[in-house]
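Here's the structure, in structure tokens; my notes come after.
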Amino acid sequence: MSAPEDDIIAHRRRKLAALRERGEAFPNTFRRRHLAAELTARHGATDKAALEALDERVEVAGRVMLRRVMGKAGFVTLADPSGRIQCYLRGADIGDDAYRDFRTLWDIGDIVGVRGPLMRTNKGELTVHAEQAELLVKALRPLPDKHRGLADQETRYRLRHLDLVANEDVRRVFRVRAQVVQALRAFFDDRGFLEVETPMMHPIPGGAAARPFVTHHNSLDRTLYLRVAPELYLKRLLVGGFERVYEINRCFRNEGLSPRHNPEFTTVEFYQAFADYRDLMDLTEALLRHLLAELSLGDSLTFDGQRIDFGAPVPRRTMKEVVAEAAGVDEAEIAEAPKLAEIAKRLNVRAPAGCGWGRLLTEVFEARVEARLVQPVFITGYPAEVSPLARGSADDPALTDRFELFVAGREVANGFSELNDPEEQALRFRAQAELKNRGDSEAMHFDHDFVAALEHGMPPAAGEGIGVDRLVMLLTDSPTIREVVLFPQLRAPKR
RNA sequence: GGGUCGUUAGCUCAGUCGGUAGAGCAGCGGGCUUUUAACCCGUUGGUCCUGGGUUCGAGCCCCAGACGGCCCA
């Protein structure tokens, strides 16, 4: 009645036991000197006779992905971090004992090391002709299907190590992710930004409207919150005289999981003194072009079957403009709350009871416009009511000098000219605190320490946050955030 | 939180009208000295997600739940 997997594992354990009996079963003495991709790059075109004449000895190591035994000779295909390389093993070359091991102890999934000269087979494949072959790691559990890989999404996320072994395109996504982060650093470093690390545990959760994770520090006997955004600390650094700073790291929000939301996610947030939101829109465009160039993507990409074009300057449109357009009315008709409420009702948009004009406008925007913003576009003119940390617009007190960048119907970046008037900031916090008292769980706390920091004088500045996960999704055509986060959060597994 | 689809061998998947649960790969045994998802012969392996119900009989129908996907909030 033993389950088949247990049967497979039992067989492999017996093989491991045989290996243990003769000495070190997990040796760490083999030193790989060559990677598969190097060898194919160097000798992809060298013909059979030339390779034989060269007699170039190589040492490769990797996981056995394919195995073909034909009596007194056999082939294995090894996978190393660079790619795959085939090896040819023969009793006459590696010795009868080693050959018997190969036949009786090696399995697909094991990690092995092979030494010998390069050759080309009759069918033309570059191959290491083994003179020595050594089993380095016995894998006790079997690999997924050797050619169809691992397809079950749940298993892929829960056992990401297997997903990575089995699926080349998954490895590619995470290499691109690393490239993106590197390119971001290079971009900001080149422009004189200082990379900093600010606290992830906050005494008051601030910088964004979101529910935080709560934790407790024992020896301080203090409630702490995992940060929902680094904003208020980065601005303190502006006060301190670091006038260009950026931070690439995790934020945490205690909200639902979805194809676009993981409870922990990565942002790059940056602040620049003596700049305003228009400067940051320019900078953001330069950043996008930099990323596309670093990834050799040209000036457009495909996401979810749609062509996204970054060749032209990114248009800048106001929220009022696009909402009026979507509602099929004149901008003047959405300038007052009562009229806007009627339009929202007509469009089937529900807003929290008693909310003001600004919140209402934003709700209509999010419900009826956002998803349609496929090509890159900056939306400006965000209401002050939903932007408690942004500088008010000089020409309209109801609005702020804020923008968000939308691509493929998704918010990718959020930036604004910073509010550096401490008294105005205190008023905004007070309004948030009142909302919180009336039951808005996402409203911000009044952060007196932050206001006190502003009272020491923060230079005029602008700041922005970009969702790194969403950026990587866009650049790798990944439909969900789980495809770009190595170990996404899932419910506790079934037992 | 609501709707909806899914869960069958280690992996990838079939499973008809409700009538003894299948294939390929992997594994095991045998053959094969340049193979290519190697091939040929033989073969092991099942809590059909869980628990109830209907039925002479349930992988299949009904109810509840778990986990996952998608949509909505």
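Letters A, B, ... mirror the listed sequences (proteins, then strands); counts begin at 1. These figures come from a predicted structure and were not determined experimentally.
- Where K15(A) and R350(A) meet RNA chain B, the nucleotide closest to each residue was compared, and K15(A) sits on the side nearer the 5' end.
- Figure legend. C32(B) is base-paired to no nucleotide; pairs are counted as Watson-Crick or G-U wobble with both atom distances under 3.5 Å.
- Taking R482(A) as the reference, nothing meets the side chain to side chain donor-acceptor pair (under 3.5 Å) condition, with sequence neighbours excluded.
- Among the protein residues, T77(A) comes within range of no part of the nucleic acid, since none of its heavy atoms lies under 4.0 Å from any strand.
- G68(B) is paired with C5(B) under the Watson-Crick or G-U wobble criterion, all donor-acceptor distances under 3.5 Å.
- For a distance-only test at 3.5 Å, the side chain of D145(A) qualifies as a donor-acceptor partner of the base of G24(B).
- G18(B) is unpaired under the criterion used here, namely a Watson-Crick or G-U wobble arrangement in which both key atom distances are under 3.5 Å.
- The C1' atoms of G42(B) and C61(B) are separated by 40 Å, rounded to the nearest whole Å.
- Taking a 4.0 Å limit (strictly below) on heavy-atom distances, residues 111-122 of chain A reaches RNA chain B at M119(A), T121(A), N122(A).
- For U34(B), the OP1/OP2 oxygens have no side-chain nitrogen or oxygen of K123(A) closer than 4.0 Å.
- Using a 4.0 Å heavy-atom cutoff across all strands shown, G149(A) reaches sugar-phosphate atoms only and no base atom.
- L126(A) places its CG atom 15 Å from the C1' atom of U35(B), with the value rounded to the nearest Å.
- Between the CG atom of L257(A) and the P atom of A73(B) there is a distance of 17 Å, given to the nearest Å.
- Remark: R158(A) is in phosphate contact with G68(B), judged by side-chain N or O atoms under 4.0 Å from OP1 or OP2.
- Taking a 6.0 Å sphere around CZ of R33(A), one finds it holds 12 or fewer heavy atoms contributed by other residues, nucleotides or ligands.
- The two atoms that bring P203(A) and M201(A) nearest to each other are CD-O, 4.1 Å, heavy atoms only.
- Distance R103(A) CZ to U35(B) P: 17 Å, rounded to the nearest Å.
- Using the six-membered ring where Trp is involved, Y225(A) and H445(A) have ring planes that are tilted, between 30° and 60° apart.
- Of the residues T476(A), L475(A), L486(A), T266(A), the one that meets the side-chain contact (heavy atoms from CB on, under 4.5 Å) test with R177(A) is T266(A).
- For N414(A) and R402(A), the side-chain atoms include at least one donor-acceptor pair closer than 3.5 Å.
- Distance, D152(A) CG to A9(B) P: 11 Å, rounded to whole Å.
- Taking atom C1' on both nucleotides, G24(B) is separated from U20(B) by 23 Å, rounded to a whole Å.
- Listed nucleotides: C11(B), U33(B), U44(B). Nearest to the side chain of L150(A): C11(B).
- Distance from the side chain of E125(A) is smallest to U35(B) among C67(B), U35(B), C28(B).
- The separation between Y88(A) atom OH and A38(B) atom P is 16 Å, rounded to whole Å.
- Across every strand in view, U43(B) sits in a pair with G27(B) that passes the Watson-Crick or G-U test at under 3.5 angstrom.
- The gap from the P atom of A26(B) to that of C11(B) amounts to 15 Å, rounded to the nearest Å.
- Annotation: U35(B) and G69(B) have their P atoms spaced 45 Å apart (nearest Å).
- Out of G68(B), U33(B), G27(B), the shortest distance to the side chain of I8(A) is found at G27(B).
- In summary, the aromatic rings of Y277(A) and F378(A) are positioned with their centroids too far apart to meet the 6.0 Å limit.
- With no hydrogens or angles considered, a side-chain donor-acceptor pair links Y157(A) and E483(A) at under 3.5 Å.
- Within 3.5 Å, a donor on the side chain of Q86(A) pairs with an acceptor on the base of U35(B), or the reverse.
- Atom name C1', nucleotides A66(B) and A73(B): the rounded distance is 23 Å, in whole Å.
- L490(A) places its CG atom 16 Å from the P atom of A66(B), with the value rounded to the nearest Å.
- Nearest to the side-chain atoms of P144(A) among the listed nucleotides U36(B), C11(B), G69(B) stands C11(B).
- Contacts of residues 41-69 of chain A with RNA chain B (heavy atom under 4.0 Å): L66(A), R68(A), V69(A).
- Using a 4.0 Å heavy-atom cutoff across all strands shown, K146(A) reaches sugar-phosphate atoms only and no base atom.
- Residues R250(A) and E264(A) are paired through a salt bridge, judged by an N-O separation under 4.0 Å between the basic side chain and the carboxylate.
- Residue-to-nucleotide proximity on RNA chain B shows that, of H129(A) and R491(A), the 5′-proximal contact is made by H129(A).
- Atoms CZ (R260(A)) and C1' (G69(B)) sit 16 Å apart, rounded to a whole Å.
- In this structure, R260(A) does not pair ionically with D469(A), as no charged nitrogen and carboxylate oxygen lie closer than 4.0 Å.
- When the side-chain nitrogen and oxygen atoms of R12(A) are compared with OP1 and OP2 of G10(B), none of them lie within a distance under 4.0 Å.
- Remark: the separation of the P atoms in A21(B) and G59(B) is 8 Å, to the nearest Å.
- The nearest whole Å value for the distance from the CZ atom in R211(A) to the C1' atom in A73(B) is 15 Å.
- Expressed to the nearest 0.5 Å, how far CG of L54(A) lies from NE2 of H43(A) amounts to 5.5 Å.
- Checked for salt-bridge contact, R171(A) and E168(A) meet the test: a charged N lies under 4.0 Å from a carboxylate O.
- Using C1' as the reference atom, C39(B) and U34(B) are 14 Å apart when rounded to the nearest Å.
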